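Only one structure is covered here, and it is reproduced in the block below.
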Number of protein chains: 2
Amino acid sequence: MGLRELKMARTRRLISDKAFELFACNGYHRTTIEQIAAAAEVGPRTLYRYFPTKETLVIEFVQTSLFDALSDLHATPAPLPVALNTVIANVLRVMSTDPARVMAVYELAGTNASVRAQLADVLWQWRDNLAHEVEQLLDPPPCRMTAALTAAFAINIIETVVLAWVESRGQADMHTLANHAMTLLRNGNIPVPTEGQ
Amino acid sequence: MGLRELKMARTRRLISDKAFELFACNGYHRTTIEQIAAAAEVGPRTLYRYFPTKETLVIEFVQTSLFDALSDLHATPAPLPVALNTVIANVLRVMSTDPARVMAVYELAGTNASVRAQLADVLWQWRDNLAHEVEQLLDPPPCRMTAALTAAFAINIIETVVLAWVESRGQADMHTLANHAMTLLRNGNIPVPTEGQ
DNA sequence: AAAAATGTGGCAGTCACTGCCACGACCTCT
DNA sequence: AGAGGTCGTGGCAGTGACTGCCACATTTTT
């Protein structure tokens with residue numbers, strides 16, 4: 001890695017850290033891009049080259065945690081349920097790397113609508129990608145709806161686990177929570193909508 | 001209803017219609033609030049009183065379709081699975097009221113990131129509300145995770161059905177699609193993540 | 001008909017975000 | 001090591017979403 005890349009990686013990290021610092025201190029809305037840029041000692045124009053939108057500053061960690069793990073789906077030639085479990089476990093493992101940041105992200109998502117929207121969008125896109133992968137991976141190929149619901153289950157587990165973890169203020173263990181959620185699913189303990197007679 | 005309310009309802013509808021017209025014609029991004037306001041013959045400042053953000057113009061119909069149906073959950077004293085089915089059926093029924101608009105919303109969500117994000121956020125909030133309701137409705141009260149997953153299932157069905165309907169270009173029948181999705185769920189035809197041995 | 005309530009819209013201002021361009025730091029090739 | 005090419009940096013001007021404020025007009029109430 002050249003010096004250039006190194007500096008850029010450092011700058012990126014610095015901007016991100018300063019941003020979270022200011023968000024926690026003054027709130028998301030009350031913090032301007034100019035302030036963040038000043039705190040990181042870069043020009044606003046430069047900041048925008050690293051983070052195209054203000055919300056990106058917040059959700060980037062969650063986004064990369066999700067999408068990095070998605071590539072594991074090709075890597076493991078295991079049967080689908082096991083591969084899905086691996087993907088989910090890896091997402092949660094990477095998130096556990098920086099619990100404070102995950103907590104901060106959800107804190108900000110709770111107080112700011114556009115952050116929450118961007119976060120929701122990342123989950124949406126991830127689910128769509130996963131659905132597409134599932135469709136190609138299964139043999140014989142399932143109907144589109146089956147693939148969509150499979151991907152939905154995966155993101156449901158992740159969302160539910162992370163939310164429960166956030167509600168426990170980081171006390172709970174994500175892996176344990178995930179197993180709990182999957183057990184509930186597998187045992188059919190979740191009420192499914194049914195037609196009345 | 002007084003004259004004032006009537007006029008406002010008309011203005012609201014007019015703004016919304018003109019907005020969709022312009023979005024379809026020039027694209028979401030290339031259409032400015034000023035243009036929409038001019039087309040609806042109101043001041044921009046007035047438009048903002050009806051629709052606080054540009055995205056609201058797009059997602060309002062879906063939003064009200066979802067949240068109006070949510071109140072049915074209290075109304076029907078049926079067992080939960082049946083009540084959930086009623087809620088879902090009502091959401092889809094109201095959406096079928098104006099298929100062109102639903103199609104337009106998803107068209108715009110596909111091309112514009114912030115619209116998609118706001119749409120995703122609406123679904124997120126709806127799910128959260130439903131989870132809360134489920135928690136209070138069931139006797140004995142389920143653990144939070146069960147409630148969350150139950151609500152997630154409901155929104156999964158709606159999302160999957162609407163997406164499939166959109167992909168069919170409106171040819172399919174939402175009610176039929178919903179029954180298909182629920183059958184898949186009930187019969188355990190969806191691969192659930194599992195720990196490998 | 002007068003008075004109170006409330007929707008309308010213009011104006012100025014903030015802030016996220018972009019295209020453009022000159023500058024300078026890094027990298028490559030000899 | 002030095003010359004030239006590459007590429008990140010950041011300033012400037014501009015667009016457009018959105019807001020607070022205030023005067024005006026229309027509707028509603030008394």
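The model shown is predicted, which means the values in this text are computed figures rather than measured ones. Chain letters run A, B, ... following the sequence lines, proteins first and then strands; every chain starts at 1.
Scanning for salt bridge (Lys or Arg N to Asp or Glu O under 4.0 Å) contacts around Arg4(B) gives an empty result, with sequence neighbours left out. For Tyr48(A), there are no ring-ring contact (aromatic ring centres under 6.0 Å, His included) partners two or more places apart in sequence or in a different chain. Partners of Asp139(A) by side-chain contact (heavy atoms from CB on, under 4.5 Å), not counting sequence neighbours, listed by chain and number: Pro141(A). Every residue two or more places apart in sequence or in another chain was checked for a side-chain hydrogen bond (donor to acceptor under 3.5 Å, both in side chains) with Thr183(A), and none qualifies. For Glu135(A), the side-chain hydrogen bond (donor to acceptor under 3.5 Å, both in side chains) test picks out no residue, with sequence neighbours left out. Applying the side-chain hydrogen bond (donor to acceptor under 3.5 Å, both in side chains) test to Ser16(B) and every residue at least two apart in sequence or in another chain returns Arg101(B). Asn112(B) pairs by the side-chain hydrogen bond (donor to acceptor under 3.5 Å, both in side chains) definition with Ser114(B), not counting sequence neighbours.
Here dG10(D) is the nucleotide among dA25(C), dT8(C), dG10(D) with the atom lying nearest to any side-chain atom of Thr46(A). For Tyr48(B), taking side-chain heavy atoms from C-beta onward, the closest of the listed nucleotides dC17(C), dA17(D), dA25(C) is dA17(D). Among the nucleotides dT27(D), dG7(C), dG9(C), the one closest to any side-chain atom of Leu3(B) is dT27(D).
Residue pairs meeting the side chain to side chain donor-acceptor pair (under 3.5 Å) criterion with at least one member in residues 119-132 of chain B, sequence neighbours excluded: Arg116(A)-Asp121(B), Glu159(A)-Arg127(B).
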Check nucleotides 4-7 of chain D against the protein and report each pair of N or O atoms closer than 3.5 Å, with its distance, or say if there are none.
residue	atom	partner	partner atom	Å
dC7(D)	O2	Arg4(A)	NH2	2.8

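Residues Leu163(B) and Trp165(B) are members of one and the same hydrophobic cluster, defined by side-chain heavy-atom contacts under 4.5 angstrom among Ile, Leu, Val, Met, Phe, Trp and Tyr. No chain of hydrophobic side-chain contacts below 4.5 Å, direct or via other Ile, Leu, Val, Met, Phe, Trp or Tyr residues, connects Val82(A) to Ile155(A).
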Is there a side-chain contact (heavy atoms from CB on, under 4.5 Å) between Met182(A) and Ile157(A)? Walk through the geometry before answering.
CA-CA 7 Å; Met182(A) 288 193 275; Ile157(A) 294 172; 3.7 Å; yes
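Overall bending of the helix from dA1(C)-dT30(D) to dT30(C)-dA1(D), expressed as the angle between end axes built from five pairs apiece, is 30° (10° steps).
Between Phe153(B) and Phe153(A), the ring-plane angle classifies as parallel under the 30° and 60° cut-offs.
Contacts of residues 19-43 of chain B with DNA chain D (heavy atom under 4.0 Å): Thr31(B), Thr32(B), Ile33(B). Scanning residues 107-122 of chain A for heavy-atom distances under 4.0 Å to DNA chain D yields an empty list.
Put simply, the side chain of Arg45(A) and the base of dG19(C) share a donor and an acceptor less than 3.5 Å apart.
Judged by distance alone, with hydrogens and angles left aside, the side-chain atoms of Thr111(B) form no donor-acceptor pair with the main-chain N or O of Ala109(B) at under 3.5 Å.
Counting any heavy atom pair closer than 4.0 Å across all strands shown, Tyr50(B) reaches sugar-phosphate atoms only and no base atom.
Comparing Pro44(A) and Lys7(A) by the nucleotide of DNA chain C that holds the closest heavy atom to each, the one mapping nearer the 5' end is Pro44(A).
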